[in-house]
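All residue numbers in this chain count up from 1 along the given sequence.
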Amino acid sequence: MAAAHPALHIVILAAGQGTRMRSRLPKVLQPLGGQPLLAHVLERARDCHPTQISIVVGHQAEQVQARFPDPDLRFVLQAEQRGTGHAVALALEQQPPDSQVLVLYGDVPLLAPLDIQRCLQSNAPLTLLTADIPDPTGYGRILLGPEGQVLAIVEEREADAATRQIQRINTGILTARAADLLRWLPQAEAKAQQEGHEWYLTDVVALAHAEGLRVEAVLSADANTALGVNHPLQLATQERLLQRQRATACLQQGLQLADPERFDLRGTLTFGQDCRMDVNCLCEGEVVLGHDVSIGPGCVLRNVRIGDHVVIAAYSVLESCEIGNGCHVGPYARLRPGTVLDEQARIGNFVEVKNSHLHNGAKVNHLSYIGDAEIGARSNVGAGTITCNYDGVNKHRTQIGEGAFIGSNTALVAPVSVGAGATIGAGSVITRTAPAHALTLTRAEQITRLDWQSPQLRSKAKS
């Protein structure tokens, strides 16, 4: 979005405590789609290519600044919460009077770029973004003149019954020249002191009228995107709105979603052709899918890269791993950070893999834990196998050669290696090197006691 004026100064108000969130986290840091609310506002602000972005902070200011250390941001401290007019006045100190000022809010995360553009393109001295909502309770109502100009903003506490029926509300977002705001805001401060209330930014509307200047209303194309977040219910509503937008974008790009209403993306998702995703899947961080990838229901993908012709079966969790072409994972598999699967590898149900590399065609099909291991090509790891990689202090590696066969219920006590083509007998505990192309097993002698009686039989005999 190109800037509408040579010098655009964007002021983001982010000083409020947000007590209705009932959270120790500052309101503008509440998560939405995997990012803080303020991150979404900054994305829209930067799309305007402003010369300056000022963020007015107050409550837990240090925490907000620490979360956004970007060098292009100017933080302004509002140590005393004296209202929105006071916040904007602080932000405009030492700003060029001929610059255009756009006021945004740190708790209005999904504002439509088109709405911002229309506000900036207005030629009026003062322009407000308005919205029509079915239930305007709590918002200031917009009174319009015959030519669509704003006559006044009437706060609900001052509105009569007829005014309260008006559904057009003030969103708080406005644009004006810095020189005009710098002239109006001190007058608004004097009014606030005289009447004993907060220093409201909206008081500039009456001051503009007093000078005979036009105040223009821009009606939001989507009122839901122009509303702020003040409590958890509104945060949840904005989350669903964001996810609906992201699902729509993915569908338009060719992703096949079984149900767009049951899809969550908290990061970026890149995909090739013929990719399918079933219901209740969550993608976080950076997720990259190749061509012809099938993701089953209930899967979680977090910072993963998946090749072509891959199946991730139901309820599998993959984090910070790489999946090669033709692999099959799950159902109910967990791949932890550092896992790499080469082509045609297979991870089956209830298998956990951590920081391990499975080479081409290697298989771990059932109920196993593989940690800190190198699994050779075409090896088969039987059900219930565990790599005992942690001695209580350090992690150790397990090395399995190509074509090895690990029998079920085997414990591989690392550091240990199994040679290529080796066979490990079921139920073995392997603590030393198992030679290539040989059978290695450890088993205690099987004993049967024919004179043994179960506790139940002994109890009956005594009675």
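Side-chain contact check for Asp107 versus Gln30: every heavy-atom pair is 4.5 Å or farther apart. Using a 4.5 Å heavy-atom threshold, the side chains of His9 and Ser54 count as touching. For the pair Leu269/Phe263, a side-chain contact is recorded, criterion being any heavy-atom separation below 4.5 Å from C-beta on.
Classification of Arg305 and Glu322 as a salt-bridged pair fails, no side-chain N sitting under 4.0 Å from a carboxylate O. With salt bridges taken as basic N to acidic carboxylate O contacts below 4.0 Å, none links Arg177 and Asp98.
Side-chain atoms of Thr137 and Asp135 form a donor-acceptor pair, as typed in the model, at a separation below 3.5 Å. Side-chain polar atoms of Asn325 and His309 form no donor-acceptor pair below 3.5 angstrom. In summary, the side chains of His86 and Gln78 do present a donor paired with an acceptor at a separation below 3.5 Å, with no hydrogens or angles considered.
The two residues Gly330 and Ser316 have their closest heavy-atom pair at CA-OG, 3.5 Å.
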When you look at Arg334 and Glu352, which way does the salt bridge (charged side-chain N to carboxylate O under 4.0 Å, His left out) test go after all the steps?
-> CA-CA 5 Å; Arg334 184 186 181 194; Glu352 179 178 354; 3.7 Å; yes
Working for side chain to side chain contact (heavy atoms under 4.5 Å, CB included), residues Leu227 and Gln234 = CA-CA 9 Å; Leu227 302 181; Gln234 290 175 330; over 6 Å; no
For salt bridge (charged side-chain N to carboxylate O under 4.0 Å, His left out), just list the numbers for Asp47 and Arg44, CA-CA rounded to whole Å, side-chain angles, deciding distance to a tenth of an Å, and then say yes or no.
-> CA-CA 5 Å; Asp47 283 346; Arg44 282 151 178 77; over 6 Å; no
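In this structure, CG on Leu358 lies 9.5 Å from CD1 on Ile323, to the nearest 0.5 angstrom.
With hydrogens and angles disregarded, a donor-acceptor distance shorter than 3.5 Å links the side chain of Arg74 to the backbone of Ala91.
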